[in-house]
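Report on the following structure.
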Amino acid sequence: MEEKENYSQDVLRHSASHIMAQAVKRLFPQAKLGIGPPIRDGFYYDFDIDGEVLSHNLDRIEEEMRKIVREDLPFEKEMVSKEKARKIFEEREEPYKLELLEEIEDDEVSLYRQGEFVDLCRGPHVRSTGEVKFFRLLSLAGAYWRGKEGNPMLSRIYGTAFFKKEDLDSYLNRIEEAKKRDHRKLGKSLDLFSLSSELGAGLVIYHPKGAILREILERFEKEEHLKRGYQPVITPHISRAHLWKQSGHLDYYRENMYVFSLGKEEYVVKPMNCPGHILVYNSKIRSYRDLPLRYFELGTVYRREDSGVLHGLLRVRGFTQDDAHIFCMPSQLVDEVREVLRFVLFMMKTFRLGYQMTLSTRPRKYIGSPENWERATQALTTALEKENIPFEVAQGEGAFYGPKIDVQMEDALGRLWQGPTIQVDFNLPERFDLTYIAPSGKKERVVMIHRVVLGTMERFIGILIEHWGGAFPVWLSPVQVRILTVTTKESLFAWQVYQKMMSEGIRVEVDDDNAMLGYKVRQAQLEKIPYMVIIGPREKEKEIITVRTRDGENLRGLEISEFIEMVKTKIEDKS
RNA sequence: GCCGACGUAGCUCAAUGGUAGAGCAGCUGAUUCGUAAUCAGCAGGUUGUAGGUUCGAAUCCUAUCGUCGGCUCCA
C-alpha cells in the first residue's frame, strides 16, 4: 500500500519535472535537455544552459509551469523505432537525448508528449498536466552530465510536488523547522564553536561550551575503549615523508595532504593514524599469543578536502578520529568485527542515534588476492548476521585495500553522513611487512582492521547537535544547572548552593544579575539549559530551592541535596 | 575542484550610484522585581579583502578569501 503510494508520488513528481522542462524550453528554447527524474523529496531536471539565466528566472519558470498546468495537456505515450526517435531529437537538437538513446538496447523506445514538448522517457506519467497542482521550485545547482567530473556541467533545478496542498505546506514547513536545528546555527547561538576565515576554511575552534562537550565525549570514549581491551597509543602529528611513501599515501593521496619542506627533508602532517600505529606494532617481533592487539588513539588528522565540500562541523579539514587499529590473525577476524559492531551499537544506543549500515564489497581496482577478499567480505557479512544487524550491500564500493562496513547517520535535513566505519586492510600489512610468529614458528601475515566507533569528534558533535536540536541530555549539557536569583538579595545564598553543586561535579552557573526573573528564565531557556534553580526570598529563608526544567515543569520546595542526587543520577544514567 | 547564490556592528537584518541605519547583545544609570524580553542614556562599522570605473561606490566591474545550496570527491 505504502509502496504504491510512493510509486504514484514518484509518477506525479516525474510529471512535474517534464512540466518544468517544458516551461524552460518555452522560455529558453536554446536550453538542451539532460535528465529529469523523481528523487526522495521531489524531482529535478538538468539543462545545458547558463545557470545564471535560470537562477534569475526561477519565478518565471514556475509561473510558466502553472500556465502549462492550466492548459491541462494530456501526457501521451508513443512507441517509436529508435530510428524515428533519433530523427526527432536530431531535429530538436537535443544531443544529450541522442546520447541516451544510443544506450538503449531495444529497437523501440517510448516517448512522452505533452503539447509541443516531447521527451525520451520510460514513464509512466499522470494523465494530464492539470493533475500536477501543488509544486514548488526549490533550488538551482550545477551537476555534471551523467555525474562524471570530466563532463560538461549542466544546470539542475530542484523542485517538489505533492497531491495535496497540505502535504506540500507541511513539507516546506518541515524544511524550515529542520533549519532551526542546523548545527551551524546552533553552534553560533549556543556558543559551542566557530569557524573563522582568519584561521582557514574547515578548521574548527571549540569555545568553552563546545570544548566541554567534546571533553565529555573523549573521556567517555577512553573509558569505553579501556573496558574493551584497547591500548591507548599516542603518535605525532607530523612525520618524515618517507613513512607516507612506504604506506603509499604520498602516491595515492598526496593532493589531500599537507606536505611541507624543512631544509632538505619533506615532512607530512598526518592525514591518518595508521602508519603511526603500525610503527608501534612493528617495534618488536609479535607472537600469535599477543594477538589481537588493539591500539587506540584520539588522533587528530588534517586532510585538504575540496573547498566545495566543506560543511560546518560535518565536513572539515582538521578533525579528530576515535581511531583504532586491530592487528589479528585471520581466524580472529569475525570475532573482532563482531566486537566492534557491538561497540558501535552500544554507542548509537547511548546517544539515541538512528543509523544505517552498508557493506561495501570489492571494487574493480583492488589489491590483495580474490581469496582474501572473499574471506574478509564473508567475515564482515557473518559478523553482521550474527549480530542481527540489517544492512545494505554496496557492490564494488569497497576501498581498494579491503571491504568495509560503513555506518551512516542523518543530519536534520535527512542528509546522510558516514560515522563509524570498519575496514579490513590487505594493503598496509603488505607494505609494512606486518607479521606474527605462528604456533608453527613461521612468520604469518597479520590482518589489520581500521575502525572508528563514533567517526570523528567534529562530525559526531555536529550530528549530536542536530539530533538533539541543541537540547542535550543532562550528561552532555555544557551547562547542566543555572541558578537564577529573583532579586540580588539572594545572591549570597545562590553562591552557596552553587558551591555545593560545583563540588559534586555538576556543571553549574549563577545568574544573580540585577534583572527580572522572566528575563533570566528566557536566557536560560534560549541556551537550552536542562535545569534552572530559582532562588527568591522564600527559598532563601527556608534554605530550599525551586527547580524549573527546560520543558517548563516546576519542582517546588526541594532540598538542595535531594536535587543534587537527582541530577547526579541523570548524569550517571546518561539520560 | 565545478555550477549558482551570498558576504553591511558581536548576532539578526535595513539602506538599488549621493552623509551607513534598526532591534538584540555590550557599557553606564535607574529599578529589587517569582517562571520566555523593566526603563533610560552611551558606545559600536575603512560595508570580507585588494584593485578598478565614477565628481561620488555597501551598491557597478575584476581578482581574491570565506559562507550557503548542489555536483563531484571522500585513502
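Because the structure is predicted, anything quoted here is derived from the model rather than measured. Atom set for the values below is all heavy atoms of this structure, side chains included, hydrogens, waters and symmetry mates excluded. Convention: sequence-line order gives letters A, B, ...; per-chain numbering from 1.
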Quiz item: With a non-hydrogen cut-off below 4.0 angstrom, is K404(A) in contact with a base, only sugar-phosphate, or nothing?
Solution: sugar-phosphate
Exercise. Round to a whole Å and report the spacing from CD1 of I529(A) to P of A36(B).
Key: 15 Å
Practice problem: Answer with base, sugar-phosphate or nothing: what part of the nucleic acid does G51(A) contact at a heavy-atom distance below 4.0 Å? | Solution: sugar-phosphate
Self-check item: Base-pairing string, 5' to 3', of RNA chain B - Watson-Crick or wobble, under 3.5 Å, | interstrand
Solution: (((((((..((((....[..)))).(((((.......))))).....(((((..]....))))))))))))....
Quiz item: Would you say a side-chain N or O of Y44(A) is under 4.0 Å from OP1 or OP2 of G69(B)?
Solution: no
Quiz item: To the nearest angstrom, how far is L526(A) atom CG from C11(B) atom P?
Solution: 17 Å
Practice problem: Using a 4.0 Å heavy-atom cut-off across all strands, classify Q525(A) as base, sugar-phosphate, or nothing. | Solution: base
Exercise. May I ask you to decide if M357(A)'s main-chain N or O and E392(A)'s side chain share a donor-acceptor pair within less than 3.5 Å?
Key: no
Quiz item: Side chain of N282(A), backbone of F432(A): donor and acceptor closer than 3.5 Å?
Solution: yes
Could you pull out every donor-acceptor pair under 3.5 Å between side chains of residues 412-419 of chain A and any protein atom, sequence neighbours left out?
from: R415(A); atom 1: NE; to: D411(A); atom 2: OD2; distance (Å): 2.9
from: R415(A); atom 1: NH2; to: D411(A); atom 2: OD2; distance (Å): 3.4
from: W417(A); atom 1: NE1; to: D411(A); atom 2: OD2; distance (Å): 3.0

Self-check item: Separation of atom OH in Y253(A) from atom C1' in C73(B), rounded to whole Å
Solution: 10 Å
Quiz item: Nearest of A36(B), G70(B), G4(B) to any side-chain atom of L140(A)?
Solution: G4(B)
Quiz item: Distance between the P atoms of G45(B) and A58(B), in whole angstroms?
Solution: 16 Å
Exercise. Specify the separation, in whole Å, of atom CD1 of I49(A) and atom P of G4(B).
Key: 12 Å
Quiz prompt | Separation of the C1' atoms in C68(B) and A36(B), to the nearest angstrom | solution = 30 Å
Quiz item: Could you give the CG-to-P distance, from L58(A) to A5(B), as a whole number of Å?
Solution: 11 Å
Exercise. Report yes if a side-chain nitrogen or oxygen of R548(A) is closer than 4.0 Å to either non-bridging phosphate oxygen (OP1 or OP2) of A36(B); otherwise report no.
Key: yes
Quiz item: Taking atom C1' of G48(B) as reference, at what distance in whole Å does atom CG of L199(A) sit?
Solution: 16 Å
Quiz prompt | Separation of the C1' atoms in A9(B) and A5(B), to the nearest angstrom | solution = 24 Å
Self-check item: Pair F563(A) + Y531(A): ring centers closer than 6.0 Å
Solution: yes
Exercise. Would you state whether a donor and an acceptor, one from the side chain of Y144(A) and one from the base of G70(B), lie under 3.5 Å apart?
Key: no
Quiz item: Once you round it to whole Å, what is the distance between P of G34(B) and CE of M532(A)?
Solution: 17 Å
Self-check item: Gap in Å between the two P atoms, one belonging to A14(B) and one to G7(B), rounded
Solution: 9 Å
Exercise. Give N554(A) one of three labels, base, sugar-phosphate or nothing, depending on what nucleic acid heavy atoms sit under 4.0 Å from its own.
Key: base
Self-check item: Which nucleotide in U12(B), G1(B), U32(B) has an atom nearest any side-chain atom of E149(A)
Solution: G1(B)
Self-check item: Nearest to side-chain heavy atoms of A141(A), which nucleotide of G69(B), U32(B), G34(B)
Solution: G69(B)
Quiz item: Mind checking whether Y158(A) and L137(A) have side chains closer than 4.5 Å, heavy atoms only?
Solution: no
Quiz item: Within this structure, what is the NZ-to-P distance between K540(A) and C33(B), rounded to whole angstrom?
Solution: 12 Å
Self-check item: Residue closer to the 5' end of RNA chain B, Y401(A) versus G147(A) (nearest nucleotide)
Solution: G147(A)
Quiz item: Hey, does M153(A) reach any base, or is it just sugar-phosphate, or nothing, if we go heavy atoms under 4.0 Å?
Solution: base
Quiz item: Between E553(A) and E52(A), which has a closest nucleotide on RNA chain B that is more 5'?
Solution: E52(A)
Quiz item: Taking the six-membered ring for Trp, is the centroid-to-centroid distance between F47(A) and Y45(A) below 6.0 Å?
Solution: yes
Quiz prompt | P-based separation of G69(B) from A30(B) [nearest Å] | solution = 47 Å
Do any N or O atoms of the protein come closer than 3.5 Å to N or O atoms of nucleotides 65-68 of chain B, and which pairs are they?
from: C68(B); atom 1: OP1; to: R184(A); atom 2: NH1; distance (Å): 2.9
from: C68(B); atom 1: O3'; to: R184(A); atom 2: NH1; distance (Å): 3.4

Self-check item: Rounded C1' spacing from C27(B) to G44(B) in Å
Solution: 10 Å
Quiz item: At under 4.0 Å between heavy atoms, what does P271(A) touch on the DNA or RNA strands: base, sugar-phosphate, or nothing?
Solution: nothing
Practice problem: For S189(A), report the nucleic acid contact type (base, sugar-phosphate, nothing); a contact means any heavy atom under 4.0 Å. | Solution: nothing
Quiz prompt | D323(A) side-chain N/O to V452(A) backbone N/O, donor-acceptor pair under 3.5 Å | solution = no
Quiz item: Do side-chain atoms of D406(A) reach the backbone of T358(A) as a donor and acceptor pair under 3.5 angstrom?
Solution: no
Quiz item: Can you find a heavy atom in the side chain of P478(A) that is under 4.5 Å from one in the side chain of L192(A)?
Solution: yes
Quiz item: Hey, are N273(A) and Q321(A) close enough side-chain-wise for a donor-acceptor pair under 3.5 Å?
Solution: yes
Quiz prompt | Mutual orientation of the aromatic rings belonging to Y366(A) and W373(A) [parallel < 30°, tilted 30-60°, perpendicular > 60°] | solution = perpendicular
Practice problem: Among the candidates U35(B), G4(B), U72(B), find the nucleotide nearest to the side-chain atoms of V309(A). | Solution: U72(B)
Exercise. Indicate, with a heavy-atom threshold strictly under 4.0 Å, whether K520(A) touches base, sugar-phosphate, or nothing.
Key: nothing
Self-check item: Sugar-phosphate only, base, or nothing, as touched by G518(A) at under 4.0 Å among non-hydrogen atoms
Solution: sugar-phosphate
Exercise. Decide yes or no, distance alone: a donor-acceptor N/O pair under 3.5 angstrom between the base of C71(B) and the side-chain of R146(A).
Key: no
Practice problem: Can you figure out which of C33(B), A36(B), A25(B) approaches the side chain of Y519(A) most closely? | Solution: A25(B)
Quiz item: Is D425(A) touching bases, backbone alone, or none of the nucleic acid, heavy atoms closer than 4.0 Å?
Solution: nothing
Quiz item: Quantified in whole Å, what is the C1' atom distance between nucleotide U62(B) and nucleotide U54(B)?
Solution: 16 Å
Quiz item: Which value, in whole Å, describes the distance between the P atoms of nucleotides A50(B) and U59(B)?
Solution: 13 Å
Quiz item: Between Y295(A) and Y281(A), does the ring centroid distance fall short of 6.0 Å?
Solution: no
Quiz item: Does the N57(A) side chain pair with the main chain of V53(A), one donor and one acceptor, at a distance under 3.5 Å?
Solution: yes
Self-check item: Under 3.5 Å donor-acceptor pair, E539(A) side-chain atoms to G34(B) base atoms
Solution: yes
